[in-house]
2 protein chains.
Amino acid sequence: MADTKKRIIESAIKIFNEDLSAPLQKVADNAEVTRRTLHRYFKDRNELVEVCKQAIESSCKKAMIAAIQSSDEPIIQLERMLYAGIDCGAKYSVFYKLHQSKDHKHTHQNKNCVDYDYIYNQFQGIIIELQKKGRVSPAMSPEWIQVLHSGIIESTVHARETTTKSFKEIKELAWTSYIKAIAT
Amino acid sequence: MADTKKRIIESAIKIFNEDLSAPLQKVADNAEVTRRTLHRYFKDRNELVEVCKQAIESSCKKAMIAAIQSSDEPIIQLERMLYAGIDCGAKYSVFYKLHQSKDHKHTHQNKNCVDYDYIYNQFQGIIIELQKKGRVSPAMSPEWIQVLHSGIIESTVHARETTTKSFKEIKELAWTSYIKAIAT
DNA sequence: ATTAAATGTCACACATTTGAGAAATATTTA
DNA sequence: TAAATATTTCTCAAATGTGTGACATTTAAT
């Protein structure tokens with residue numbers, strides 16, 4: 001089944017996110033599959049990690065682009081990008097770090113990077129426009145807002161795991177905090 | 001030298017923070033020591049991890065308590081707690097997660113937990129007082145502010161690694177964003 | 001310069017993880 | 001039901017990681 005492959009990838013993302021060197025057995029267990037089966041779908045650990053990265057990037061990108069295109073009001077776009085980020089968030093962290101650091105060479109040959117740049121530029125554009133409109137403080141650089149954005153997402157994901165509040169409530173708190181933080 | 005031990009711990013914290021199951025060889029390499037030497041200081045992997053946890057907790061706690069005691073103005077206390085958190089931040093993440101989840105039993109027998117509770121309560125107290133004074137929005141629960149606090153810290157640490165701004169600038173941006181986010 | 005302590009080198013036994021073959025079993029599809 | 005496909009089970013060899021002993025080398029202190 002193509003379903004098995006997907007399940008393995010999902011499991012791998014979950015497990016590796018907690019422990020990048022976790023034994024493949026754990027991934028297999030989580031996917032309720034034999035390690036042998038896992039190896040039929042993925043040549044080796046590297047390949048699996050690589051596929052996870054791509055899966056995440058691709059699904060996050062889609063969500064982000066959808067958020068951007070869902071409106072032409074920058075403030076709405078920003079809000080939806082935050083929510084999209086939160087929804088991807090649980091999967092995000094470790095692989096996100098991999099993208100930043102390590103061996104990753106950011107190049108325009110790389111399709112993923114092109115999309116990444118597209119989203120990054122859109123984000124910057126949204127912020128700059130909101131600054132022009134006087135809704136976002138000019139003291140906050142787009143770069144800072146970018147990392148703040150990620151930080152709020154991480155907080156939200158974390159809050160979801162630890163507090164008793166509903167996911168919806170937390171998301172609203174996140175957006176309120178975020179927009180107030182960067183407002184004029 | 002006692003210096004070696006410290007270097008190994010610092011390296012372990014750095015490496016394990018990226019990959020909790022990383023081979024000890026990596027830690028040794030990073031500390032510029034042989035694996036053999038590492039084993040002279042630490043019986044086994046477990047012991048090393050345990051020592052790392054304690055080292056972090058202890059140094060963070062000290063910084064936090066110092067921040068709290070450095071003033072009796074809650075707003076100043078909060079600001080200094082944020083800065084203290086940022087300074088600990090780089091070491092924080094993985095071990096922080098370990099504290100929350102896994103096998104950790106939160107108990108009052110445990111000295112660390114007592115201190116943790118103390119800090120947590122102080123933090124809550126500060127927030128509640130600021131809410132009474134009308135400086136912090138009552139819509140924001142102390143629990144949310146707690147995770148937001150961590151999120152801002154993570155952002156700041158992250159920003160430091162990626163942007164060109166000075167650390168001081170980033171810290172100020174962090175505090176400004178934070179206080180605006182939770183303000184009335 | 002001599003000693004003591006710290007670190008490195010090499011070698012080893014042992015455990016875990018990895019990747020794959022072969023045959024049995026289960027599941028899907030026609 | 002029969003054939004095709006996917007998965008499991010069992011097995012094994014290779015690779016990697018772990019902890020330690022014996023001895024050589026470096027470093028610091030007297």
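Because the structure is a prediction, the values reported are computed rather than measured. Below, chain A is the first sequence line, B the second, and so on; all start at residue 1.
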Using the side-chain heavy atoms of B/Thr34, tell me which of these nucleotides is nearest: C/dG19, D/dT18, C/dT9. C/dT9

To the nearest angstrom, how far is B/Glu47 atom CD from D/dT20 atom C1'? 15 Å

Using atom CZ of A/Phe42 as one end and atom C1' of D/dT7 as the other, report the distance to the nearest whole Å. 15 Å

Are any of A/Thr37's side-chain N or O atoms less than 4.0 Å away from OP1 or OP2 of D/dT8? yes

Round to the nearest Å and state the distance from A/Leu24 atom CG to C/dT16 atom C1'. 12 Å

I'd like to know if B/Arg36 reaches the base of D/dG21 with its side chain, counting only an N/O donor and acceptor under 3.5 Å. yes

Nearest-nucleotide 5' precedence on DNA chain C, B/Arg35 against B/Glu32: B/Glu32

Measure the distance from CG on A/Leu48 to C1' on C/dT18 and round it to the nearest whole Å. 13 Å

Distance in angstrom units between B/Gln25 CD and C/dG8 P, rounded: 11 Å

Heavy-atom donor-acceptor pair, B/Arg40 side-chain to C/dG8 base, under 3.5 Å: yes

Rounded to the nearest Å, what distance is computed from the NE2 atom of residue A/His39 to the P atom of nucleotide D/dA15? 15 Å

Lys/Arg N to Asp/Glu carboxylate O, B/Glu10 vs B/Arg7, below 4.0 Å: no

Over how many whole Å does the gap from B/Lys6 atom NZ to C/dT7 atom C1' extend? 19 Å

Begin with the C-alpha distance, continue with both residues' side-chain angles, and end with the deciding distance and a verdict on side chain to side chain donor-acceptor pair (under 3.5 Å) for B/Ser137 and A/Lys180. CA-CA 11 Å; B/Ser137 159; A/Lys180 277 170 65 188; 4.6 Å; no

Evaluate side chain to side chain donor-acceptor pair (under 3.5 Å) for B/Asp29 paired with B/Gln25, printing each intermediate quantity in order. CA-CA 6 Å; B/Asp29 287 350; B/Gln25 185 67 60; 3.0 Å; yes

Of the nucleotides D/dG19, D/dT7, C/dT7, which has the atom closest to the B/Asp44 side chain? D/dG19

Any Lys/Arg nitrogen of A/Arg80 or A/Asp87 sitting under 4.0 Å from an Asp/Glu carboxylate oxygen of the other? no

Is the phosphate of D/dT7, meaning OP1 or OP2, less than 4.0 Å from a side-chain N or O of A/Tyr41? yes

With heavy atoms under 4.0 Å as the rule, sort B/Arg45 into base, sugar-phosphate or nothing. sugar-phosphate

d(CZ, A/Arg7; C1', D/dA6) in whole Å: 12 Å

Please determine whether side chain to side chain donor-acceptor pair (under 3.5 Å) holds for the pair A/Trp144 and B/Ser177, giving the CA-CA distance in whole Å, both sets of side-chain angles, and the decisive distance to 0.1 Å. CA-CA 10 Å; A/Trp144 165 252; B/Ser177 308; 2.9 Å; yes

